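Reviewing the structure listed below.
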Protein chains: 2
Amino acid sequence: MRTRRQRYSDSTKRALVDVAEQLFTEHGYAATSLDAIVAGADVTKGALYHHFSGKQAIFEAAFERIESRATASIGRATEGRSDPWEKARAGLHAFLEAVQEPGYRQVVISDGPSVLGHERFREQEERSTYAIVDEIVRSVLAGDEWALDDQMLDTFTRIFFGAMSAAGGSVAVSDDPAAAAARVDAAIGFIMDGLRQLLESGAASGVTSRT
Amino acid sequence: MRTRRQRYSDSTKRALVDVAEQLFTEHGYAATSLDAIVAGADVTKGALYHHFSGKQAIFEAAFERIESRATASIGRATEGRSDPWEKARAGLHAFLEAVQEPGYRQVVISDGPSVLGHERFREQEERSTYAIVDEIVRSVLAGDEWALDDQMLDTFTRIFFGAMSAAGGSVAVSDDPAAAAARVDAAIGFIMDGLRQLLESGAASGVTSRT
DNA sequence: TCAAAGTACGTACCTTCGGTATGTCACCTG
DNA sequence: CAGGTGACATACCGAAGGTACGTACTTTGA
């Protein structure tokens, strides 16, 4: 069992991340001061710098929390589906939902890359939402019959991940998000149908390693 | 003819943007101080604030210059091609090249959205590289036979733009950029082939407005 | 049980940096 | 040639991230 001091410590740390997540979401990274965060959590900078090495570190804590929520949400939507194409559609749907959340848009998409840097941002991504997209892409494209190699599958994942992120962003700023999401759904579904047909007709020369 | 004072003024302004572009590219927005910029251009802050309203403004000037270079580069690669599918392939190639440039990656992709804000970033995009992608997508998909409506074409453009940006980013950080670019080329070409086949077979229900 | 040690903060201060207010001098215009 | 204006330079301010150090409570060990 945790000691009393540890419980208190955890509680203040959680409070700091709570406030940080909210303020970073609401005003963005640059416009959120550490003073505002510690004031919101009702502590001082001493507490913040005891738990985190600096502004970037507490941002990353909020970032990870938001990412993991999104990942969990998409995971719930896809689990239990057996047909890979149906799973892909469900995942796409959930992804489009998740990416519209204000926190995800501001913290992950907008501020994430510039604050964490390309490198670190990529690392964070790869073990969260990107991993799910990768799993879905592989379940759809990695049939024995076609034999796309690993790097080619990575490439497809990157492409779909980028496509869905961009599409999700456009959905989020749309006047009519529901209609926009339906269009994205249709467009990506259409692209997937094209891929499927091409693969099943055996016309996949150029991307598969077998002839 | 411009007066002598105007010529001097233009020259210092150009020098400021030159240095700003280089420093923003090299160190990112946050890690680039105005003091460093004015020192590099051999002027003082008074000069900078005479020509620009602030840090964001001079960043935007560098941003626009980088974007317009990329746009011009892609434009040169596609002009003169008559066959839309071939034009699309050429454009894709040029886009993958352009997006690997350090300035484009750091200033446009990484810092752009967070510094300019979603709104303004979107505006800038739409009259540069995004416009070219849109033109290419429309030349390929907007045949009379299929009758995709305007919003659907926008959706496809968004998707392809996002896909290619993400793919370009992954190419840029790859150990073997040439091989990675070839894979992206193959993958997107494959997706386009799928689309083409589906459209020409008339199986485009769901995305077209005609039956 | 009690003192030593360490944890979890609070307080005060430093430095950097974006931005502003104001001064100055060369250049254009009437 | 004289007044006005544009193109800067200089000096300064306030906010914000980060640091050094102090302090009180808690756990630990003899």
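Source: prediction; values computed, not measured. Below, chains carry the letters A, B, ... as their sequence lines are ordered, and counting in each starts from 1.
Between B:Arg183 and A:Asp149, no side-chain nitrogen of the basic residue sits less than 4.0 Å from a carboxylate oxygen of the acidic one, so the salt-bridge criterion is not met. Taking 4.0 Å as the cut-off between side-chain N and carboxylate O, A:Glu86 and A:Arg89 do not count as a salt-bridged pair. Salt bridge A:Glu135/A:Lys87: present, at least one basic N to carboxylate O contact under 4.0 Å. Salt-bridge check for A:Arg127 with A:Asp134: failed, with every basic side-chain N at 4.0 Å or more from each acidic carboxylate O.
We find that CG of A:Leu23 is positioned 15 Å from C1' of D:dA16, with the value rounded to whole Å. To the nearest angstrom, P of D:dC8 lies 14 Å from CZ of B:Arg7. We find that CZ of B:Arg14 is positioned 16 Å from C1' of D:dA7, with the value rounded to whole Å.
Extent of DNA chain C lying under 4.0 Å from chain A heavy atoms, first and last nucleotide in 5' to 3' order, is C:dG6 to C:dT11.
Heavy-atom nearest nucleotides on DNA chain C were determined for B:Arg4 and for B:Thr32, and the one closer to the 5' end corresponds to B:Thr32.
Look at A:Ser33 and you won't find any side-chain N or O under 4.0 angstrom from OP1 or OP2 of D:dA15.
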Under 3.5 Å, which donor-acceptor pairs link side chains of residues 63-70 of chain B to any protein atom two or more places apart or in another chain?
unit_1  : atom_1 : unit_2   : atom_2 : d
B:Glu64 : OE2    : B:Gln124 : NE2    : 2.9
B:Arg65 : NH1    : B:Asp18  : OD1    : 2.6
B:Arg65 : NH1    : B:Glu21  : OE1    : 3.2
B:Arg65 : NH2    : B:Asp18  : OD1    : 3.3
B:Glu67 : OE1    : B:Ser128 : OG     : 3.0
B:Glu67 : OE1    : B:Thr129 : OG1    : 3.4
B:Glu67 : OE2    : B:Ser128 : OG     : 3.2
B:Ser68 : OG     : B:Glu64  : O      : 3.4
B:Ser68 : OG     : B:Arg65  : O      : 3.0
B:Arg69 : NH1    : B:Glu21  : OE2    : 3.2
B:Arg69 : NH2    : B:Glu21  : OE2    : 2.9
B:Arg69 : NH2    : B:Glu101 : OE2    : 3.1

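Remark: the backbone N or O of A:Gly28 is paired with a side-chain donor or acceptor of A:Thr32 at under 3.5 angstrom.
Of the residues in residues 47-63 of chain B, those lying under 4.0 Å from DNA chain D by heavy-atom distance are B:Ala47, B:His50, B:His51.
Of the candidate nucleotides D:dA7, D:dT26, D:dG17, D:dG17 has the atom nearest to the side chain of A:Leu34.
With a 4.5 Å cut-off on side-chain heavy atoms, A:Gln106 and A:Phe24 do not count as touching.
With B:Tyr130 as the aromatic partner, B:Arg122 does not meet the cation-pi criteria of under 6.0 angstrom to the ring centre and within 45 degrees of the ring axis.
At a threshold of 4.0 angstrom between heavy atoms, the contacts of B:Thr44 include nucleobase atoms, whether or not backbone atoms are also involved.
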